[in-house]
Amino acid sequence: MERGGAEEIRIPPGSGDGLVSRSPAHFPLWPTVDGPLGLSEEDSLPYARKFFKFGFLLLPGLWAINCFYFWPVLRHPASFSRFLRRYVVRSAIGFVVFSLALLCWALTFMIGGKQTMKKVSCLFFVDSISLPIEL
């Protein structure tokens, strides 16, 4: 069945609406989540690069923004240039590593409690008077 230039395939009843579109429009045309209102692929490369590099300046939230804003690049990697994909994928990896490190740090102090604070204060030569909690 041809309808509007898109090939359609019938599937058994009870599993959806019965039509699956196989049109070329299935793949995203825009590398950003805001579609045609966003950036073209050529314009988005400098932004992805800046978000990635500024993430190393202790701003890992920019890596998360980079992953969110360029979600179509992560979702359909073969549809976009490898340079754009490189920055977006590395931002995703950096954000995951930072999140895991932050989670481990938080769990260390949540589980260890005051004993961990004493060990850390001795390790870094922190005076116990300057700590906001009583040991």
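Of the inter-residue distances, the one linking Leu84 atom CG with Ser79 atom OG reads 11.5 Å to the nearest 0.5 angstrom. Here CZ of Phe98 is found 5.0 Å from CG of Leu102. Values are rounded to the nearest 0.5 Å. One finds the CZ atom of Phe95 at 10.0 Å from the CG atom of Leu100 (value rounded to the nearest 0.5 Å).
Remark: side-chain polar atoms of Glu41 are paired, donor with acceptor, to backbone N or O of Ser81 under 3.5 angstrom.
Across all their heavy atoms, Ser44 and Pro31 have their closest contact at OG-CG, 3.6 Å. Between Leu74 and Pro77, the closest heavy-atom pair is O-CD, 3.8 Å. Between Phe70 and Val88, the shortest heavy-atom contact is CB-CG2, 3.6 Å.
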Could you go through Leu39 and Tyr69, starting from their C-alpha distance and side-chain angles, then the distance that decides it, and tell me whether this counts as side chain to side chain contact (heavy atoms under 4.5 Å, CB included)? CA-CA 10 Å; Leu39 302 168; Tyr69 191 62; 4.1 Å; yes
Step by step, would you call Ser99 with Val96 a side chain to side chain contact (heavy atoms under 4.5 Å, CB included)? CA-CA 5 Å; Ser99 298; Val96 167; 5.7 Å; no
Name each donor-acceptor pair under 3.5 Å that joins a side chain in residues 46-64 to protein atoms two or more places apart or in another chain, with its distance.
| residue | atom | partner | partner atom | Å |
| --- | --- | --- | --- | --- |
| Arg49 | NE | Tyr87 | OH | 3.2 |
| Trp63 | NE1 | Phe52 | O | 3.0 |

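Considering only residues two or more places apart in sequence or on other chains, Thr32 meets the side chain to side chain donor-acceptor pair (under 3.5 Å) condition with Asp34.
The 12-atom threshold is exceeded at CZ of Phe109, counting heavy atoms of other residues, nucleotides or ligands nearer than 6.0 Å.
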